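What follows is one structure encoded as structure tokens, with my remarks underneath.
Not measured: the values here are computed from a predicted model. In what follows, residues are counted from 1 in the order of the sequence shown.
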Amino acid sequence: MTEYRCLAVDASGQKKWQQVEAASEQACVQMMLGSGFTPLKINSGAMSLSERLNQPVHLSMGVGLSEQALLLNQLALLVRSGLPVDRSIDLLRDQAPKARQKQLLTDILSQVKEGKGLAGGLETAKIFPTYVIGVIRSSEKSGKLGAALTSVAQRMTKATETRRKLATALTYPAAVLIATMAALVIVLTSVVPQFEPIFAGNEDKLPGLTNFVLSLSSFVRSYGLMILAAVLLFILTTWLLIRSEAGQKMLSSAAPYLPGMQLRDQYLAGQFTGLLATLIGNGLTVVRALPLARETLSSRRWQIELSKVETQIREGSRLSFALEATAVFPRTASRLIEVGERTGKLGETCGHASEIMGEAAAARIERIVSLVNPIAIILLGGLVAMLVAGVMLGIFALGDFAG
């Protein structure tokens, strides 16, 4: 199956972008016509820059992931207590502390009253993850909506905590790096130039470190903006390359040799298996669960590899074998999933795999951060000491010659 992006015209004559999964472009056209849309343009693969600029901009209601988890958890409590869905949403709307939450619940309630169900209301909001909508849609058919809401709320809460821990762990090294760069720029562009008139004409008498500091200051003042522009251009070019299909192929082949890539794959494996555990545990089949879990991941490299896994599953392959054949999924996790397939407890085993992968990734991140912090401090102190020493040695040298 291939994901196609279609610019189509609906019955009212409005142009809309639609995403369709189909076996071929012709099948995609037939599906669009069957849904009442007339396709104007059909694209697949990575988006070009012009296509990205032409995509519609969706403004979210400003409800963060933690607020979404709290909302679903509260809704689960009300539904499990026996209240109808529409009444539960109405109560939450009356108690919502923020205007954006009230508006969100109002929109969801209107969709529920129109007969689209809770899944349809959440899907219309366009802020909830796709796996949440898939789980709730399945639970509405099975009559286990309360348990499903609790499950997805717990999953979103766990994801929020993981992100918070990562942000907290990386904040200090990032702050030290910024402080280091700021200190270097200030010293080289504002402090060192104040001493240049004192050293003028005596360059041959100055220590080598002093001449190096003076040359570095002159270089930064002359070419600093050009260097900054080149760095930003390099970052932008690298980002665009990584987002392209050719860049993803290059990244996949070079991943084993890139620092940090295996750690990221381990983290994403934990996230992916956790999503699978939630989806399968709420009654979705592997075929239906895979695309929902795939769309939630932020890595396009993973999305490409998991698309191949979906194809192999539809052709009759086992999930563990298909995942092990990818270039991103850790072998340890695939072995655990194989055990779950053989014992008939795939959802439970995916949950265990998620915990193992997540804890291993968190432990490695903690070790890296514990090393980065002292290294960053030593680097900052060493660079500033070098600049100060260069200036002071030059002053002492001039004093000795004058004496």
Side-chain angles (χ1 to χ4, degrees), residues 14 16-19 55-168 170-171 271 274-275 277-279 281-284 289 291-298:
Q14 294 183 346
K16 296 182 178 180
W17 281 95
Q18 301 285 333
Q19 291 187 346
Q55 291 293 309
V57 177
H58 299 293
L59 297 178
S60 69
M61 297 298 297
V63 180
L65 193 62
S66 59
E67 291 179 282
Q68 296 174 33
L70 178 60
L71 172 63
L72 293 177
N73 201 14
Q74 293 173 333
L75 186 58
L77 292 174
L78 293 173
V79 171
R80 295 178 70 175
S81 67
L83 285 177
V85 174
D86 55 348
R87 178 60 178 155
S88 300
I89 298 174
D90 195 22
L91 284 174
L92 290 178
R93 180 183 60 177
D94 294 339
Q95 299 174 0
K98 300 179 182 179
R100 62 174 182 265
Q101 295 178 355
K102 289 182 179 292
Q103 184 60 47
L104 172 64
L105 291 168
T106 299
D107 296 340
I108 294 175
L109 181 60
S110 64
Q111 297 295 319
V112 171
K113 289 183 175 180
E114 290 178 4
K116 295 184 178 180
L118 179 59
L122 297 179
E123 188 174 17
T124 304
K126 298 185 182 300
I127 63 171
F128 291 90
T130 54
Y131 75 90
V132 172
I133 298 169
V135 168
I136 293 177
R137 180 170 286 121
S138 175
S139 65
E140 286 179 318
K141 296 178 182 179
S142 63
K144 299 179 180 179
L145 181 58
L149 285 169
T150 301
S151 177
V152 294
Q154 291 175 347
R155 178 66 205 171
M156 294 176 70
T157 301
K158 186 176 181 180
T160 303
E161 293 175 354
T162 302
R163 292 184 182 182
R164 187 182 296 115
K165 289 180 181 178
L166 286 174
T168 302
L170 297 176
T171 296
Q271 184 181 359
L275 291 173
T278 301
L279 294 167
N282 284 279
L284 275 74
L292 295 175
R294 170 176 56 83
E295 293 174 6
T296 307
L297 299 178
S298 58

Quick one: closest heavy-atom pair of [X] and [Y], and the distance?
| X | Y | value |
| --- | --- | --- |
| Val112 | Gly117 | CG2-O, 3.7 Å |
| Gln111 | Gly121 | CB-CA, 3.6 Å |
| Leu292 | Tyr131 | CB-CA, 4.1 Å |
| Thr124 | Gly120 | OG1-O, 2.8 Å |
| Leu118 | Glu140 | N-OE2, 2.6 Å |
| Met156 | Pro129 | CE-CD, 4.1 Å |

Quick one: list whatever passes side chain to side chain donor-acceptor pair (under 3.5 Å) with [X], sequence neighbours left out.
| X | value |
| --- | --- |
| Arg164 | none |
| Ser151 | Asn282 |
| Lys113 | none |

Approximate separation, where rounding is to 0.5 Å, of [X] [atom1] and [Y] [atom2]:
| X | Y | atom1 | atom2 | value |
| --- | --- | --- | --- | --- |
| Gln95 | Gln101 | CD | CD | 11.5 Å |
| Leu105 | Arg100 | CG | CZ | 12.0 Å |
| Leu122 | Gln68 | CG | CD | 9.5 Å |
| Leu72 | Arg155 | CG | CZ | 14.0 Å |

*Using the side-chain contact (heavy atoms from CB on, under 4.5 Å) rule, pick out the option among Leu75, Asp86, Ile89 that qualifies with Ile108.*
Ile89
*Would you mind telling me which of Asp90, Leu92, Leu104 makes a side-chain contact (heavy atoms from CB on, under 4.5 Å) with Leu109?*
Asp90
Partners meeting side chain to side chain contact (heavy atoms under 4.5 Å, CB included) with [X] (sequence neighbours left out):
| X | answer |
| --- | --- |
| Thr150 | Ala76, Arg80, Gln154 |
| Leu77 | none |
| Leu70 | Gln74 |

*More than 12 heavy atoms of other residues, nucleotides or ligands under 6.0 Å from NZ of Lys144: is that the case?*
no
*Could you tell me whether a side-chain N or O of Ser138 sits under 3.5 Å from a main-chain N or O of Val135, the two making a donor and an acceptor?*
no
*With side chains defined as the heavy atoms from C-beta onward, is the minimum distance between Val85 and Leu78 less than 4.5 Å?*
no
*Using a strict cut-off of less than 4.0 Å between a Lys/Arg side-chain nitrogen and an Asp/Glu carboxylate oxygen, indicate whether Glu123 and Lys116 qualify as a salt bridge.*
no
